[in-house]
Amino acid sequence: MSGSGERAPLRVEGLSLLTSRDILLDRLSFAVEPGEVLALSGVAGTGKTLLLRALAGLAPKGITVLGDIQIRGRRILVTQDGALDPLRTLGAQFTELLAHQSGMDERAALRRAAEALERFQVPAATRRLALHPHELGEAMRWRAALALAMAAQPALLLADAPAAALDPTQRVRLLSDLAAWTREAGTALLLTGRPHPDPIKADPVHSGLADRRLILAQGRLETPEEPAPAPPPVESVPSGPPILSVRDLRVAFPLGRGWRGEERWLTVVDGLSIALAEGETLALLGETGSGKSVLARAILRLVPPVGGQVSWLGTDLAAAPSEAMRRARRDLQILFPDPLAAFDPLMTIGAQFAETLESLRPARSSADRTARLAEALEEVGLPAAVLDLYPGALLPAEAARAGLARALLPEPRLLVCDEPAAALDGAERADFLDLLQAIRRRRRLALLYATQDAAEGLRIARRALVLLLGRIVESADSAVLATGARHPYSRALIAAAGLVRPALHGDPPSPLRPPTGCVLRLRCPLAHDGCAQLPPTLDPVAPGHRVACHVAQDEVQDGTQVGGKAP
């Protein structure tokens, strides 16, 4: 057992959790030393949350706890939702906790609360104490929850998948701040992860996020053995004219009229142009709000554009009549982040598959339809019995494969994927993406893949676009971006995917009030006065590599090379 000193805030020996019928956790033994960060990984349902609740003395009813749990000092559990009292201000919650835990008066408690919030990069921390949790953004609320826990100066902090819903750039920064504070304060930190995207499932030890890592699998703890990643298959560069051409596409939503009577619009996609050849793969990378999902939907006219052109095999989809659009949908299919939500819960899978065929590529006979449905399920690894099930009976991995099978029924030539495996955990996600890649290569499909996970997008696609507030800020081959990204935003996405703290500071700006000039400048470590003047244009910095960054362009003009690796 690693880390078993007598001063350890947490020592666990032979811990088992049982119900009347099952052994949920079996003879776990480990310890966490003062100032140590222990990362606990595992797929969904392995018992990570149950373990933390047992360590916090909150084991659910009906669970028998056997073995020895020794805790020295104060322990605090931060749950998956980071729940704060919605009816009380942050200041009131800090004051109550610190008065109860440390006997502090209100003045001293508020002073420590402001200091704790500042440690998590909360601007105007003192003023924020007068706010209620619902008045904070998701990232700010998580900073407040973790600051509240650390302000009580616990000897042991149990954090159950903190900030799992945040963008990777924000979450890695938050976890880095938390790990740094616990090491400085001598607090033992036990950190768990949730289904992908999840930094704790990668290699937190190598990146410095954690000191040790354990895996919970089948009720027992294992020391991870990190296999070397397999190199992506080498594919030939697609040739021929583009089958999809997007020019100056704009998508905006009306916000009503301002107090002067002027119309107000929220621009989500701002003049984007892309081209895709037969069999080509293109990744759209960016944080939440970057416009990648809206762009994917606008290409298929699921979201109406307000300007620009989407040309599929020479037909402008933005202006195509309904019959022409229906014929085009045979070739254009989409996978959504939540496959279950894309199915009608009141119809069987078979009925919905048959409806898709009848609408887009009618079968010649009932036997032909039955054969095609069975072939579609077989191609994605599902049994024919799935056709008789309702969507609610499917597991997440089965739903993702069923969604893929339905998308393949019309024999498309372009597959648009919007985080298609977002609901899956690590192993299931990897299997699904391997299947998607194999089918794409076999059918020679063009693929448009939108994702927050830069590493995943660069692994799947041959070429990538990095989007920021509806604009392209960098465009290059994936291999070039992986090692030679030039835009600070691209570097931050790639750094977060590798669990390296991104160099960006602050939170993304509101698309309602973007900064003047470069929209990244308030978060960018390289910004200078000129960045506030004009938005940078997307200009070439090397063959096939374009960047919209004043700093990158200045250095190229000076004849210097911009550093390649993410800071």
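A quick note: this is a predicted structure, and the numbers were derived from the prediction, not measured.
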Checking Thr267 against Arg250 for the side chain to side chain contact (heavy atoms under 4.5 Å, CB included) test, could you report, in this order, the C-alpha distance in whole Å, the side-chain angles of both residues, the deciding distance, and whether it holds? CA-CA 7 Å; Thr267 300; Arg250 293 186 68 252; 3.7 Å; yes
For Arg53 and Leu58, indicate whether the former's side chain and the latter's backbone hold a donor-acceptor pair under 3.5 Å. yes
The criterion is side-chain contact (heavy atoms from CB on, under 4.5 Å); which residues satisfy it with Glu96, sequence neighbours excluded? Arg88
Glu106 versus Thr95, side-chain donor and acceptor atoms under 3.5 Å: no
To the nearest 0.5 Å, what is the distance between OG1 on Thr126 and CZ on Arg111? 11.0 Å
Check against side chain to side chain donor-acceptor pair (under 3.5 Å), Asp160 and Thr79: CA-CA 5 Å; Asp160 189 9; Thr79 58; over 6 Å; no
Donor-acceptor pair, distance only, cut-off 3.5 Å: does the side chain of Glu398 make one with the backbone of Leu395? yes
After noting the C-alpha distance and the side-chain angles of Leu84 and Gln93, does the key distance pass the side chain to side chain contact (heavy atoms under 4.5 Å, CB included) rule? CA-CA 8 Å; Leu84 295 169; Gln93 296 183 59; 3.7 Å; yes
Answer yes or no: is there a side-chain heavy-atom contact under 4.5 Å between His487 and Val466? no
Side chain to side chain, Thr89 and Leu131, heavy atoms closer than 4.5 Å: no
Sidechain-backbone polar pair: Thr187 side chain, Pro154 backbone, donor-acceptor under 3.5 Å: yes
For residues 42-65, which residue pairs qualify under ring-ring contact (aromatic ring centres under 6.0 Å, His included), counting only residues two or more places apart or in two chains? none
Quick check for you: to the nearest 0.5 Å, what is the distance between Ile334 atom CD1 and Cys417 atom SG? 8.5 Å
Donor-acceptor contact present, side-chain Arg171 to main-chain Pro162, <3.5 Å: yes
Take a 6.0 Å sphere around CG of Asp22 and say whether it holds more than 12 heavy atoms from other residues, nucleotides or ligands. yes
Do Glu456 and Tyr449 have a side chain donor and acceptor closer than 3.5 Å? yes
If the threshold is 4.0 Å, N to carboxylate O, is there a salt bridge linking Arg212 and Glu36? yes
Glu138 side chain to Leu166 backbone, donor-acceptor under 3.5 Å: no
What is the distance from atom CG of Leu98 to atom CD of Gln153, rounded to the nearest 0.5 Å? 8.5 Å
Under 3.5 Å donor-acceptor, Thr192 side chain and Ala161 backbone: yes
May I ask you to decide whether Glu184 forms a salt bridge with Arg119, counting only side-chain N to carboxylate O separations under 4.0 Å? yes
Would Ser41 and Arg213 satisfy side chain to side chain contact (heavy atoms under 4.5 Å, CB included), going step by step from the backbone distance to the final call? CA-CA 7 Å; Ser41 298; Arg213 180 188 179 205; 3.2 Å; yes
Asp167 vs Gln452, test: side chain to side chain donor-acceptor pair (under 3.5 Å). Steps then yes/no. CA-CA 7 Å; Asp167 285 313; Gln452 296 177 2; 3.0 Å; yes
For the side chain of His505 and the backbone of Leu522, is there at least one donor-acceptor N/O pair under 3.5 Å apart? yes
Please examine the side chains of Leu424 and Leu433, heavy atoms only from C-beta on, and report whether any two atoms are closer than 4.5 Å. no
Look only at the side chain of Lys292 and the backbone of Leu465, and say whether a donor-acceptor pair between them is shorter than 3.5 Å. no
What distance do Glu287 atom CD and Asp507 atom CG have between them, rounded to the nearest 0.5 Å? 9.0 Å
Can you list every ring-ring contact (aromatic ring centres under 6.0 Å, His included) pair that touches residues 133-160, not counting sequence neighbours? His132-His134
Keeping Arg521 on the side-chain end and Pro515 on the backbone end, is there a donor-acceptor pair under 3.5 Å? no
Counting distance only, does the side-chain N/O of Arg128 pair as donor-acceptor with the main-chain N or O of Pro123 below 3.5 Å? yes
Roughly how far apart are Leu285 CG and Ile472 CD1, rounded to 0.5 Å? 11.5 Å
Does Arg112 have any salt bridge (Lys or Arg N to Asp or Glu O under 4.0 Å) partners at least two apart in sequence or in another chain, and if so, which? none
Min side-chain heavy-atom separation Cys531-Cys524 under 4.5 Å: no
Show me the pairs that pass salt bridge (charged side-chain N to carboxylate O under 4.0 Å, His left out) and involve residues 174-183, at least two apart or across chains. Asp177-Arg501, Arg183-Asp211
Hey, is CD on Glu135 packed in by over 12 heavy atoms from elsewhere, all under 6.0 Å? yes
Atom pair OH (Tyr489) and OG1 (Thr169), whose distance is rounded to the nearest 0.5 Å: 6.5 Å
Atom CD of residue position Gln218 - does it have more than 12 heavy atoms of other residues, nucleotides or ligands inside 6.0 Å? no
Salt bridge (Lys or Arg N to Asp or Glu O under 4.0 Å) involving Arg471 - partner list, sequence neighbours excluded: Asp270
With no hydrogens and no angle check, do the side chains of Gln121 and Arg143 hold a donor and an acceptor under 3.5 Å apart? no
